Peer 1: 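Structure below; questions to follow.
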Amino acid sequence: MVDARQAAYLQALGVDVYVPRDAAQRARPAAIAVAPVATAAEVAPVAASPAHGESSWDELRAAVAACQRCELHTSRTQTVFGVGNPGARWMFIGEAPGAEEDRQGEPFVGRAGQLLTAMIRALGMQREDVYIANVLKCRPPGNRDPKPAEAASCRAYLERQVALVDPTLVIAVGRIAAQDLLATETPIAKLRGKVHSFGSKPWPLLVTYHPAYLLRSPGEKRKAWQDLVYARQLFARLEGEAASAGRA
Ligand code: SF4
């Protein structure tokens, strides 16, 4: 159901929301088509790196701050570790810090960050409720794409972050993050709408568009909204299954 608050955020996203015409229709949720779903079992998980497997948050943060494992340490202003609730049920993973993130030391700030925050609010949460991180902790110069070797060098930090948060659901934000996390070159359009898995547990993972892309291509915002609707449905199902398993 799209309530008034969510409708306001969808308006901020530039997404038109279907409004029922009569009372009978008002009783039903807004109908949004969602792509067919593959189960987690149908998608092979990506193996986790053993490095930093036992690190605490403080140890991990210190390791990242001092890291010189790839050439990006020479051009960064500071590392961008991640932000949010360390016990979050939702985790959003983007590509890499941009210029503003490098300056502020926080992922997803600036206009793209504001749009991500609006997307999180459309899910009924505040930014502080979720955990947000990037594949890379240092900014690639000129906002170029991360090199595979850089992502591989940084992978153990992210895997430990995901393990420490232990979210119910991971959202890969944008093509680069999705393809890196899933070790695939499949186009993002074919990765959306399917349940993937990531890491050692493995954690369920969905893919959506990067807000910077949505700002450049506002016509795609409706697809991003479909992704959020599906993510909310999947999250509810996963939480329900976890509760049932706990009661068993
Ligand atoms: S990008 Fe990652 S691996 Fe490279 S220097 Fe920064 S923290 Fe280290």
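For reference, positions follow the sequence shown, starting with 1. Please read these numbers as outputs of a predicted model, since none were measured by experiment.
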Peer 1: Give me the atom names and distance for the closest heavy-atom approach of Arg139 to Pro97.
Peer 2: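 Heavy atoms only, the tightest pair is CG-O, 3.3 Å.
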Peer 1: Is it true that Glu106 and Arg127 have a side-chain N and a carboxylate O under 4.0 angstrom from each other?
Peer 2: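 So Glu106 pairs with Arg127 through a salt bridge.
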Peer 1: Under the rule for salt bridge (charged side-chain N to carboxylate O under 4.0 Å, His left out), what residues qualify as partners of Asp129, not counting sequence neighbours?
Peer 2: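 Salt bridge (charged side-chain N to carboxylate O under 4.0 Å, His left out) check on Asp129 returns nothing, list empty.
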Peer 1: Within the distance-only criterion (no hydrogens, no angle test), does the side chain of His196 pair as donor or acceptor with the backbone N or O of Leu191 below 3.5 angstrom?
Peer 2: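 At least one qualifying donor-acceptor pair exists.
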Peer 1: Decide whether Leu164 and Val80 are clustered together by the hydrophobic rule: side chain heavy atoms of Ile, Leu, Val, Met, Phe, Trp, Tyr closer than 4.5 Å, transitively.
Peer 2: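 No: no chain of side-chain contacts under 4.5 Å links Leu164 to Val80.
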Peer 1: Could Glu150 and Arg144 be called an ion pair, given the rule that one side-chain N must be under 4.0 Å from one carboxylate O?
Peer 2: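 Looking at Arg144 together with Glu150, the answer is yes, because their closest N to O distance falls below 4.0 Å.
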Peer 1: Donor-acceptor check, side chain of Arg192 to backbone of Lys223, threshold 3.5 angstrom: yes or no?
Peer 2: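 Checking the backbone N and O of Lys223 against the side chain of Arg192, a donor-acceptor pair under 3.5 Å is found.
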Peer 1: Return the CZ to CE distance between Phe235 and Met125, rounded to the nearest 0.5 Å.
Peer 2: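 Between Phe235 CZ and Met125 CE, I get 7.0 Å after rounding to 0.5 Å.
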Peer 1: If only atom types and distance count, is the side chain of Arg160 paired as donor or acceptor with the main-chain N or O of Leu60 below 3.5 Å?
Peer 2: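 Answer holds: no.
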Peer 1: Give a yes or no on whether Ile176 and Val173 share a hydrophobic cluster (residues Ile, Leu, Val, Met, Phe, Trp, Tyr; joining criterion: side-chain heavy atoms under 4.5 Å apart).
Peer 2: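 Different clusters.
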Peer 1: Kindly give the heavy-atom pair with the smallest separation between Leu136 and Pro146, and that separation in Å.
Peer 2: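 Nearest heavy atoms, Leu136 then Pro146: CD1-CB, 3.4 Å.
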Peer 1: Taking side chain as C-beta onward, heavy atoms only, is Arg155 less than 4.5 Å from Leu181?
Peer 2: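 Yes, at least one pair of side-chain atoms sits under 4.5 Å.
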Peer 1: When the aromatic ring centroids of Tyr131 and Trp203 are compared, is their separation below 6.0 Å?
Peer 2: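 No, ring centres 6.0 Å or more apart.
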Peer 1: Side-chain contact, heavy-atom cut-off 4.5 Å: Ser217 with Tyr209?
Peer 2: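 Not touching, per the 4.5 Å side-chain cut-off.
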Peer 1: Check Ile132, Leu205, Val135, Asn134 against Ile93 for a side chain to side chain contact (heavy atoms under 4.5 Å, CB included) and give me the one that passes.
Peer 2: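 Only one option passes, and that is Val135.
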Peer 1: To the nearest 0.5 Å, what is the distance between NZ on Lys194 and CG on Leu234?
Peer 2: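 Here the rounded value is 14.5 Å.
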Peer 1: To the nearest 0.5 Å, tell me how far Arg121 CZ sits from Leu116 CG.
Peer 2: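 Arg121 atom CZ to Leu116 atom CG measures 11.0 Å (nearest 0.5 Å).
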Peer 1: What distance do Phe198 atom CZ and Glu159 atom CD have between them, rounded to the nearest 0.5 Å?
Peer 2: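 The distance works out to 5.0 Å.
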Peer 1: Before you tell me yes or no, could you show the steps for Lys201 and Asp166 under side chain to side chain contact (heavy atoms under 4.5 Å, CB included), namely the whole-Å CA-CA distance, both residues' side-chain angles and the distance that decides it to 0.1 Å?
Peer 2: CA-CA 9 Å; Lys201 193 170 184 179; Asp166 191 17; 2.7 Å; yes
Peer 1: Return the CG to CZ distance between Leu206 and Arg232, rounded to the nearest 0.5 Å.
Peer 2: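 If we round to the nearest 0.5 Å, Leu206:CG and Arg232:CZ are 13.5 Å apart.
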Peer 1: Side chains of Asp145 and Pro140: does their closest heavy-atom pair fall under 4.5 Å?
Peer 2: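 In short, these two side chains do not touch, never coming nearer than 4.5 Å.
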Peer 1: Just how far is it from atom CZ of Arg61 to atom OG1 of Thr79, taken to the nearest 0.5 Å?
Peer 2: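 One finds 9.0 Å between CZ of Arg61 and OG1 of Thr79.
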Peer 1: Set out, in order, the CA-CA distance, both residues' side-chain angles and the distance that settles side chain to side chain contact (heavy atoms under 4.5 Å, CB included) for Val229 and Gln233, then state yes or no.
Peer 2: CA-CA 6 Å; Val229 169; Gln233 292 169 346; 3.8 Å; yes
Peer 1: Are the side chain of Gln179 and the backbone N or O of Thr186 linked by a donor-acceptor pair below 3.5 Å?
Peer 2: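 Such a contact is found between Gln179 side chain and Thr186 backbone.
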Peer 1: Considering only heavy atoms from C-beta outward, does the side chain of Leu182 approach that of Val207 to under 4.5 Å?
Peer 2: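 Touching, per the 4.5 Å side-chain cut-off.
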Peer 1: Looking at His73, Gln161, Gln78, which hits side-chain hydrogen bond (donor to acceptor under 3.5 Å, both in side chains) with Lys137?
Peer 2: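 Per the side-chain hydrogen bond (donor to acceptor under 3.5 Å, both in side chains) rule, the option paired with Lys137 is Gln161, out of His73, Gln161, Gln78.
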Peer 1: Does a side-chain heavy-atom distance below 4.5 Å link Trp57 with Val165?
Peer 2: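 Side-chain contact under 4.5 Å: yes.
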Peer 1: Using modelled atom types only, decide if a donor and an acceptor are shared between the side chain of Glu101 and the backbone of Val109 within a distance under 3.5 Å.
Peer 2: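 Indeed, once roles are kept as given, a pair shorter than 3.5 Å links the two residues.
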Peer 1: Between Asp102 (side chain) and Thr77 (backbone), is there a donor-acceptor pair under 3.5 Å?
Peer 2: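 Pair found, side chain donor or acceptor close to backbone of Thr77.
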